[in-house]
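Quick notes on the structure that follows.
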Amino acid sequence: MSDEFRKNMALFPIGIVMKLTDLTARQIRYYEQNELVFPARTSGNQRLYSFNDVTSLLRIKELLEKGVNIAGIKQMIGPNANAHEDATVLDDQSEVKRKELTDLQLHSLLKQQLLVAKRPGQVSLIQGELSRFYSN
DNA sequence: CTTCTTACA
DNA sequence: TGTAAGGA
């Protein structure tokens, strides 16, 4: 029940989100304009994204690549953001989709840890191991 | 150096 | 979407 809290904690700036999602700052801000994501702001007006925001962006990216437009995505995000195939053009098996989402979160988590450990000084216990799985 | 907004190609 | 400009 407190896990949700951490997932909703506004933690990373747009630069990190760019690496995590492979989206440009332009795109990320654009999606925000269209109310697809709602990042928090720092006192200095800097955007801060939560884990959930990153996950949302990854999902948005997915849908966009499948040919769904902003308006379409907007409609299927608020109400029931869970596994739903709008019978029209979406083709996912609820079971498979759920696993993919979990994997994306895991992927983000690992990358996040890598990034956090990169700055301070090479004092990470997992640095070596994880480095072999990610190019960034 | 990173991010922000606005505006134009 | 990309990118330049001008400020924080």
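Values below: every heavy atom of this structure, side chains too, minus hydrogens, waters and symmetry copies. In what follows, chains are A, B, ... by sequence order, proteins preceding strands, each numbered from 1.
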Item to complete: Please identify each residue that fulfils side-chain hydrogen bond (donor to acceptor under 3.5 Å, both in side chains) with A:N34, with sequence neighbours left out.
Response: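 None.
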Worksheet item: Of all residues at least two apart in sequence or in a different chain, which pass the side-chain hydrogen bond (donor to acceptor under 3.5 Å, both in side chains) check with A:E35?
Response: A:K74
Would you indicate whether the side-chain heavy atoms of [Y] and [X] approach each other to under 4.5 Å?
{"X": "A:Y49", "Y": "A:L20", "result": "no"}
{"X": "A:T21", "Y": "A:V54", "result": "yes"}
{"X": "A:R29", "Y": "A:I14", "result": "yes"}

Worksheet, complete the sentence: Paired runs of 3 or more consecutive Watson-Crick or G-U pairs involving DNA chain B, with both pairing distances under 3.5 Å, are B:4-9 with C:1-6
Worksheet item: If you look only at pairs with a residue in residues 43-55 of chain A, which of them pass as a salt bridge (Lys or Arg N to Asp or Glu O under 4.0 Å), with sequence neighbours excluded?
Response: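 Residue pairs with at least one partner in residues 43-55 of chain A: A:E32-A:R47.
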Item to complete: Provide the start and end nucleotides, 5' to 3', of the part of DNA chain C that has atoms under 4.0 Å from heavy atoms of chain A.
Response: C:dT1 to C:dT3
Fill in: A:F38 atom CZ, over 12 foreign heavy atoms within 6.0 Å
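Counting other residues, nucleotides and ligands, CZ of A:F38 exceeds 12 neighbours.
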Worksheet item: Taking only residues two or more places apart in sequence, or in another chain, which ones meet A:S56 in a side-chain contact (heavy atoms from CB on, under 4.5 Å)?
Response: A:V37
Practice prompt. List for me each residue that meets salt bridge (charged side-chain N to carboxylate O under 4.0 Å, His left out) alongside A:E4, sequence neighbours excluded, and say none if there are none.
Written response: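 A:E4 satisfies salt bridge (charged side-chain N to carboxylate O under 4.0 Å, His left out) with A:K7 once adjacent residues are dropped.
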Worksheet item: How would you list, by chain and number, every residue that makes a salt bridge (charged side-chain N to carboxylate O under 4.0 Å, His left out) with A:R6, sequence neighbours excluded?
Response: A:D3
Separation of atom [atom1] in [X] from atom [atom2] in [N], rounded to whole Å:
{"X": "A:F12", "N": "B:dT3", "atom1": "CZ", "atom2": "C1'", "answer": "17 Å"}
{"X": "A:L48", "N": "B:dT2", "atom1": "CG", "atom2": "P", "answer": "16 Å"}
{"X": "A:R47", "N": "B:dT3", "atom1": "CZ", "atom2": "P", "answer": "11 Å"}

Worksheet item: For DNA chain C, which residues in residues 26-45 of chain A have a heavy atom at a distance below 4.0 Å?
Response: A:R26, A:Q27, A:Y31
